[in-house]
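Have a look at the structure below before the remarks.
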Amino acid sequence: MSIRHVTIRLALAVLGLSAAAAQADDASFMPIADLGQANGEQIYQHICQGCHMPGGEGASGAGFYPKLAGDPRLASWQYAAVTVLNGRNAMPPFGLPEDRISETRTVHLSDAQVAEVVNYIRSHFGNTYADTLTAADIAPLPHPR
Amino acid sequence: MNTTGPDSPSRRELFRMIGSVAGGAAMYQAMSTLGFAAESTYRGPVDLSGAPRGASVLILGAGIAGMTAAYELRNAGYKVQVLEYNHRAGGRNWSLRGGDTYTELGGFTQQCEFDEGLYLNPGPWRIPYHHRGLLSYCKKLGVPLEAFVQVNYNAYLHSSKAFGGKPQRYREIKADYQGHVAELLAKATRQSALDAAVSREDREKLLESLRDWGALDADFRYGANLLASERRGYAKEPGGGLTARPLPSQPIGLTDVLDSGLWQGIPSGDRYDMQTALFQPVGGMGRIGEAFARELGPLIRYNAKVVDIRQDVHGVTATYEDLAAPGTKLQARADWCLCTIPLTVLAQIPMNVGAALHAAISAVPYSSAVKVGLQFKRRFWEEDEHIYGGISYTDLPITNIAYPNTGYHSAGKGVLLGAYIWGQNAMEFTAMPPALRVRKAVEYGSRIHPQYPAEFDNGIAVAWHRSPFTLGCYGMWSEAARAQHYDNLCQVDGRIALAGEHASFIGGWQEGAVTSALDAIGRLHQRAIARGKKA
C-alpha cells in the first residue's frame, strides 16, 4: 500500500466518512482506468506479487514462479523488460496494445511503466542494480502485437 | 421482411444500435464471459476397439481430461496408470467443503469452515446442456444433476455510478430497456423511417411484434401501466380478497437506463454457453472428479510431481517425486503417454519432443481469476430479497454475486459466491493475502446487500494464479497464437499426446478437456494399432 493511499484512508477516517465513501478510494484496488498512472511499486504490489510474492521470493508447486530476490538473470535489464513486455511461457504479456488486452485477459503497461517496474524489481528484494531505465530504453525492445 | 438481412430489426441489431449510440463504454470488464462459444465436438462414445494386447498408456494428470482418457482406455483393454500431483483427483473440477484445508502458492493456508452440505466451486460451476461429452460421463458415473440458474429476473444489476449506487432488479432493467427500444422502433416504423428496409406487408407484423416484445400499449407506448408491470413488476402486487387490486410501477426513463450502462447485463443468458438449460452436480462440481476417482481406484497415483518426461523408440518414462516422501524419485513407464498437465507447469518440465510442440507449449498465457465463497448465518437473499439462485452483476471489483441454486428455504447457514473476477481486479485480488480478499468481498458486497456485515460468518478465497497445481486459471489463446501453434500442440509427437482444455476450442470449459482427451486417445489408439501390437 502506498503512502499516498494510507494518507487518504486516514484522512477519511478522521473526517468520519462512511465506510462506503472510504471504499471509493480503496487502496487495495486501482480503478481500471487509473492503472496507467500507477508507478513501479504500485504495479508490483497490485499485479506482480500475485505470482512472484510480496518479497519477490517466488513460489513452487507442480511448477514454480521464479524468485526475483537475488535472481542473477536480472543483471540483464533487457531480459527483465522483455519478459514483462512479452510474458514468458504461461506468464501473461503486459506490453500488448490497450485494444488487444481483452483477448488474453491481461492488462496494459506503458513503456514508462515497464521501465518503472523493472527498476523497482532490480532495486528491491536484495537486488542493487543502480542503472535506471526510462521509456526510451524500452521502446526499441520487441513488443507483443 | 428479410429476417436475415443486415437491416433486419433483430434483437442483436437493436443491441448494437443502442450500444453505438451510448458509446459502448465497457462497464463490466468480464461480464459472465468465459472462453469462446464453440459447439462441443462430442459425437457419442469413442470407439477404441482392437487395442493391441498388453499395450499400455501413462496418463499425466487426474483432471477431467486425464480421467476421461483413463476411463475409456482402461475399458478398451489398455494397461493404464495415472500420475496426479494433488492428493485428490479432479484438478480444476473441485469443490471446497467444510473441513477442507487449502494451501496456495506462497504458503498461505485457509481452512474451509462451511457448514455441512455447503461448498464453493473454485473452478467450473456450470454445465451447458450442449456439453454432451461431460454430461454423458455424469450419466455413466451416476452423478446427479440439478438446474444451474444463469438468469434470475429478481437478481440485481448494479453500478456504483448509477441510481445512487442502488442495485436495480434485472427484470426492471430488461423490461424498461426493451420497452423503450420497442417504442422507439415502433415510432420510426410508423413514421416510415424504415420503409426502405421493411416491406409494406411486414410493417404491420413488425409493429405487432414490437408491441408484443416491448409490452407496448394500444398506442405503441411503453409506460406506467399493468401491461408493463407484468414484465417489470408492480408497485403493489396483485393478490386475493379485498387487498387484491394491483398498482402499476413506474418505469425508469430511457436516458437513465442508457446512462446507467446496466443494459450490458441484459444478454447474460443469451450466449450459447450460458443458455438455459444449464446444470450443476448435486453437492458441488467436484462430485464429477470424485466419481471418476472412485471408478478408477488404484489406477491413480496421488502426490506424484512429474519432473521429467522422456520418450524413446519403445515407450515413455515419466520421473516423479513422491510428495508424501520428499526427495524420493520414482519412474513410471508405458508404451504411450497422454499428458494433460497444464501448460504453465508443462513448460517447466524437461520433455524430449519436437521444437514445434515445445514452442506451442510456451505460447499460451494463463488467465487470472478469483472466486470467493462467503458463508452467512442465514439465507437473507431468499428471506429478505426473494432471490432464489442466479447471479447479480456489479461494476465493483467483485464483479458478481451468485446465489446457491440448491437448498432453497433451508434453515441455517448459506454460502454465496461473493466474488468471481477476471482481469486486472483478479490480479489485484490475487496479490492480497486470502483473508484480505475475503474481507474485501464482504466490504464490496455490503453495497449490494446491506445485510452482509451483520450476517457474515466466514469465507474462503481461491486465486487461480496461486493454485499450486495449475499456476493460473486456463489457457488464453490469442488468435495469432492459435493460428501458429494450436495444431502443433495437438499433434501426437512420437509417443506423446497432449490433452486438456488448453488443447481445445472450448477453453476454460470441462467439455474442452473431455473432447480433447477423446480426440487424442483416438489418434494414439490408431498409432498403437498401426504398430501391430505392444510397442
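Every chain is numbered from 1 and lettered A, B, ... according to where its sequence line falls, protein lines coming before strand lines. These numbers come from the heavy atoms of this one structure, side chains and all, not from hydrogens, waters or symmetry mates. Model, not experiment: these values are computed from the prediction.
- B/R466 is listed as a side-chain neighbour of A/M53, based on a closest heavy-atom distance under 4.5 Å.
- Of the residues considered (B/V364, B/N86, B/L105), B/L105 shows the highest number of contacts with chain A, using heavy-atom pairs under 4.5 Å.
- With B/K305 contributing its side chain and A/G61 its backbone, the two residues share a donor-acceptor pair below 3.5 Å.
- Both the backbone and the side chain of B/E479 come within contact range of chain A, with heavy atoms under 4.5 Å apart.
- A donor-acceptor pair under 3.5 Å links the side-chain atoms of A/Y65 to the main chain of B/L471, judged by distance alone.
- Atoms CE and OG, on A/M91 and B/S362 in that order, are 13.5 Å from each other to the nearest 0.5 Å.
- Expressed to the nearest 0.5 Å, how far OG of B/S478 lies from CZ of A/R100 amounts to 6.5 Å.
- The side-chain heavy atoms of B/P365 and A/P93, taken from C-beta on, include a pair separated by under 4.5 Å.
- With a threshold of 4.5 angstrom between heavy atoms, B/F108 approaches chain A through side-chain atoms but not through N, CA, C or O.
- Residues A/T106 and B/M427 have side chains in contact (heavy-atom distance under 4.5 Å, counting atoms from C-beta outward).
- The shortest side-chain heavy-atom distance between A/S28 and B/M432 falls under the 4.5 Å cut-off.
- Without hydrogens or angle criteria, B/Q348 side chain to A/G63 main chain gives no donor-acceptor distance under 3.5 Å.
- Within the 4.5 Å cutoff, the side chain of B/M476 has no heavy atoms near those of the A/E103 side chain.
- Interface remark: of the candidates A/A59, A/G55, A/P54, A/A59 forms the most heavy-atom pairs closer than 4.5 Å to chain B.
- Within the 4.5 Å cutoff, the side chain of B/E428 has heavy atoms near those of the A/M30 side chain.
- Using a 4.5 Å heavy-atom cutoff, the side chains of B/Q424 and A/F29 are not in contact.
- If you take OH on B/Y366 and SG on A/C51, they are separated by 13.5 Å, rounding to the nearest 0.5 Å.
- With a threshold of 4.5 angstrom between heavy atoms, A/F64 approaches chain B through its backbone and through its side chain.
- Atom CG of B/N425 is separated from atom NE2 of A/H46 by 10.5 Å, given to the nearest 0.5 angstrom.
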